[in-house]
Amino acid sequence: MNYTEIDKKWNTRWQADALYKFDKTKIENKHYVLEMFSYPSGAKLHVGHWYNYGMADIYARYMRAQGKNVFHPMGFDAFGLPAENYAIKTGVHPADSTHKNISIMEQQLRDMGASFDWDYELATCNPDYYKWTQWMFIQLFKHGLAYRKNAPVNWCTSCNTVLANEQVIDGHCERCGSEVLKKNLTQWFFKTTAYAQELLDGLDKLDWPEKTKLMQKNWIGKSNGAELVFKLYNSDESFSVFTTRADTLFGCSYAVLAPEHPLVNKITTPQQRQAVEDYKLQASKTTEIERLSTAKEKTGVFTGAYAINPINGKKVQVWVGDYVLATYGTGAIMGVPSHDERDYIFAHKHNLDIVRVIKSADDSADELPYTEYGIMVNSGKFNGMTSEEGAINVAKELEKQGLGKLVTNYRLRDWLVSRQRYWGAPIPIVYCPHCGMVPVPEKDLPVLLPYDVEFTPDGASPLAKHPEFSNVTCPICGAPSKRECDTLDTFVCSSWYFLRYPDNKNEDMPFDKQLIDRMLPVDKYVGGPEHACTHLMYSRFFVKALRDMGYLDFDEPFKSLVHQGVILGPDGNRMSKSHGNVISPDTYVSQYGSDIFRSYIAFAFKYIEGGPWKDEGVKAIARWYDKVERVVIDAYSTRNQQGNSPMDKELKYYLANTIKCVGQDYQDFSYNTAVARMMELVNTMAKYQAQANYDGKLLFNTVLDFLRVLTPLAPHICEELWEQLGQEYSICNQRFPSYNDRDLVMDTVELAVQINSKIKCRINVDSNLSVKEIETECLKDAQVIQLLDGMNVKKVIVIPNRLINIIV
RNA sequence: GCCGAUGUGGCGAAAUGGCAGACGCAAGGGACUUAAAAUCCCUCGAGGGCAACCUCAUGUCGGUUCGAGUCCGACCAUCGGCACCA
């Protein structure tokens, strides 16, 4: 069989016949299968694409064969830095390179033979898409979920743009690896923190990998504690600190404000001003990396001011220190050196008091700092209380005096969405000298991204250098105004694309609510785990926000999620040009065809784990398909042969077992075992054919069912064989076969016989015997009697279909 | 440092607490062939024994159990995530 020719033959026909067309009239039976869409790079599809799209296609085809109305769209995440950086390097405009890449990649994806319905294609860089991305922004803005603020933000020195918290990995830019600085800038944020609790609670109900849910949970970082008010000594000013350990408040001997804390300037005494100013300057110049590398060193400067410990009225020094984060809690902490490691180091270095106020229950482990929970001491009327009780009671006591309250804090920050780059969706806001921030009226959307822009990155937004774009009149009062010239983070575009697919041609709305409420959530979402705290979190935020604004009626975008593993280079490193270890699927596909290639990657790896590439087995899979062809064609030629064989029962068993196991495996993305089961069946069919005078009709029917089972994995080959067997087009419309439970039961079954848990022999018993009967049968067995040799049988454990354990 | 995952033949990997290594690859032997390819058959965790068989083996050490790759505890190694989050 010429596999590459049949790829073409059938793929062309399937596309001409629109075989994978989603039936919009039967939404109640829909099954939405989605793979994370891809970035249109100029390169050819790589092994990773095949691993993601090819393998998920097996699932999609299986669900089709189960009678589901499968919705399986594909599109492109087309805005973003690579195209822009490519443009800076080569001068090719991002719009041109992107559109070209999309058409190349689309063709490659079509050639893959996956069951996408291309009618629903979308690309986020097209105005008819980003019009609605902008619309989303405006809705969020109107509901107070998009806002602008000046804050310390992450600045990538090489990309010349700000980054979201989620895009900073170990102090480096996730995209280019350059160092990230903290800068105070006015930027746009989405209020993801408004949904912190719901994002956390919703995780329980999701069929997602536990690991991923845990990552989101940790990222959200809920922590219960208290805010306590410290009044400044001889002043009307005060500040709050956040703590989870209000039980240690009696041990507080100082307080620290973050360098960016607004109160620092107000309270610093003239004598300390110079030192504090110097310290602040130095802190602002520190990169994330430097802060991390000096993590253990606790620097700081005394402000000269004193505050009052609210629980005991003690006067404590107020310091500035960069180990306190401006962006978490209140940007200020109480220093309790005796019971916090960092405070301990800080106090030691700066000669501050260390007062023990918690004791361990058993008087052991009394070294300071003691950071565990324990019993309160030196704490006035709270003495003797446990830390758990104390943390709540101290806060409640202070609450009575208006000096404290219990609060919950989250580590999650609001999502920074503006970028100082060109190739993204413009933020639809106008700044009017009279009216302030004005959203672009919806009828004027999209705010088109102009083509003729100077997009060399120099830290300023490229659009600001385009006067026709940036100069507008205020939509409200008509006064000359300026447009917002930043663009949106591409993650904004990808946070709602799954909502657009089902209604991708809608010109009046981003999507029709009636439709979307029936089409969503996505039933099976497939993509890499690297998006755990970015795309997957942002999308959940979008759905919840849209729900609260009344645009849809469900809570979660992705009901069930599967992460594919990563196929590494043969050297065990991630495939990359710089490692020189990139494997191209094309070499294999052009030699063996797409079915054999995807069968190989299905068989050779555990799907969710992946692993280093190796290709020793590709030939073996090709050989296996040759064998399949031989067996199938032979079976066809003997289909009318009358006869019977002692193997009839065995053949039926293997068919039933294959149908059962492979169906389950397809559903579980356990493709390697699915292939193994089908190999067993083919081996059995071949063995059966070698029998004299076998039942040709039985074999032929077995072959037909086998091809139905194999189709999701190898649709082209199966379609070709199906035709050769004179069956009606198309096998892709055939139902997945069912099996008879009776066939799964063999007449007799071999059981291992253990004596004191050691296997001694095996016996064959009738498979429908009860546990009791098996025991009797076994103890009657001559071999067993001999092995027992008159020993005293204490107990017999029978595990049906497995073994018998005789305890003597 | 904290959280999580993983660890099984020469290799990829299988195993609802129940015969460890399914299914393959590679390797070796054989059949067919003038020969090769293809195909088919056999062997294939380690060690011991003429043998029927025996002993040891799922990172290490313990534990629970009639029975542990699987459950529990401690440790080691690798990978991933978070990391001054008060």
Side-chain angles (χ1 to χ4, degrees), chain A residues 169-171 209-219 221-223 225-226 241-246 248 255-256 258 288 291-292 294-299 321-325 327-336 339-343 345-346 371 409-413 529-530 532-533 566 572 600 603-606 608-609 611-621 623-624 626-627 630 661 670 672-683 686-687 690 750-762 794-808:
Chain A
I169 314 287
D170 280 338
E210 288 303 319
K211 182 180 80 175
T212 308
K213 293 204 266 187
L214 195 65
M215 271 167 71
Q216 281 206 3
K217 190 179 165 196
N218 292 339
W219 189 258
K222 180 177 182 173
S223 122
V241 302
F242 174 73
T243 180
T244 54
R245 294 294 303 272
T248 65
V256 189
E288 285 282 303
R291 275 177 84 150
L292 288 173
T294 58
K296 290 285 162 255
E297 214 183 310
K298 299 282 174 277
T299 61
D322 71 357
Y323 83 98
V324 177
L325 305 175
T327 46
Y328 183 76
T330 59
I333 60 147
M334 62 185 204
V336 185
H339 304 293
D340 181 280
E341 213 153 319
R342 296 150 301 183
D343 296 349
I345 295 167
F346 189 84
T371 58
N409 249 311
Y410 299 90
R411 213 196 65 114
L412 182 73
R413 313 284 158 81
E530 66 274 15
C533 298
V566 178
Y600 172 67
F603 183 56
F605 303 90
K606 193 171 179 172
I608 55 168
E609 284 179 10
W613 175 261
K614 53 180 184 346
D615 65 2
E616 284 91 355
V618 183
K619 272 201 211 87
I621 292 289
R623 276 206 302 263
W624 184 68
D626 289 343
K627 182 172 182 172
R630 281 197 304 275
C661 295
S670 178
N672 55 346
T673 50
V675 177
R677 294 293 86 78
M678 290 189 280
M679 285 173 165
E680 283 169 356
L681 176 59
V682 171
N683 288 343
K687 226 164 88 188
E750 189 188 68
L751 297 179
V753 178
Q754 297 182 330
I755 295 175
N756 283 349
S757 307
K758 287 233 189 287
I759 291 168
K760 292 295 177 187
C761 67
R762 279 158 240 281
K794 272 203 216 150
K795 189 176 170 189
V796 179
I797 296 157
V798 176
I799 311 295
N801 296 316
R802 302 277 176 186
L803 54 71
I804 301 154
N805 193 2
I806 304 170
I807 313 300
V808 297

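Note on naming: letters A, B, ... go to the chains in the order of the sequence lines (proteins, then strands), and numbering restarts at 1 for each one. No experiment lies behind these values; they were computed from the predicted model shown.
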Protein N or O to nucleotides 20-23 of chain B N or O, pairs below 3.5 Å:
unit_1	atom_1	unit_2	atom_2	d
A22(B)	O2'	Glu680(A)	OE2	3.0
A22(B)	N3	Arg677(A)	NH2	3.2

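- Between the NZ atom of Lys619(A) and the P atom of G24(B) there is a distance of 18 Å, rounded to whole Å.
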Every protein N/O lying under 3.5 Å from an N/O of nucleotides 35-46 of chain B:
none

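- When rounded to the nearest whole Å, the span between CD of Glu210(A) and P of A5(B) equals 10 Å.
- Between G67(B) and Arg802(A), no contact under 4.0 Å exists linking OP1 or OP2 to a side-chain N or O.
- When the side-chain nitrogen and oxygen atoms of Tyr323(A) are compared with OP1 and OP2 of A86(B), none of them lie within a distance under 4.0 Å.
- Nucleic acid contact for Ile799(A): base, since at least one base atom lies under 4.0 Å from a heavy atom of the residue.
- For the pair Tyr328(A) OH and C84(B) C1', the computed distance is 12 Å after rounding to whole Å.
- For the pair Ile797(A) CD1 and G67(B) P, the interatomic distance rounds to 9 Å; values are reported in whole Å.
- Under the 30°/60° scheme for interplanar angles, the aromatic rings of Tyr323(A) and Phe346(A) are found to be tilted.
- Set against G18(B), A83(B), C25(B), the side chain of Glu616(A) has C25(B) as its closest nucleotide.
- If you check C66(B), C3(B), A86(B) against the side chain of Ser223(A), the one that comes closest is A86(B).
- For a distance-only test at 3.5 Å, the side chain of Lys298(A) qualifies as a donor-acceptor partner of the base of C84(B).
- Here A83(B) is the nucleotide among A86(B), A83(B), G81(B) with the atom lying nearest to any side-chain atom of Arg411(A).
- Considering every non-hydrogen atom in both Met334(A) and Arg245(A), the closest pair reads CE-O, 3.5 Å.
- In RNA chain B, runs of at least 3 consecutive Watson-Crick or G-U pairs, each pair with both distances below 3.5 Å, span B:1-7 with B:76-82, B:10-12 with B:23-25, B:27-31 with B:39-43, B:45-48 with B:53-56, B:59-63 with B:71-75.
- OP1 and OP2 of U55(B) both lie 4.0 Å or more from every side-chain N or O belonging to Lys758(A).
- Residue contacts for Trp219(A): at a heavy-atom cut-off of 4.0 Å it reaches the sugar-phosphate backbone alone, with no base atom in range.
- In this structure, Ile333(A) reaches the bases: a heavy-atom distance under 4.0 Å links it to at least one base atom across the strands shown.
- For the pair Lys614(A) and Phe605(A), the distance from NZ or CZ to the six-membered ring centre is under 6.0 Å and the angle to the ring normal is within 45 degrees.
- With a glycosidic angle further than 90° from 0, G48(B) counts as anti.
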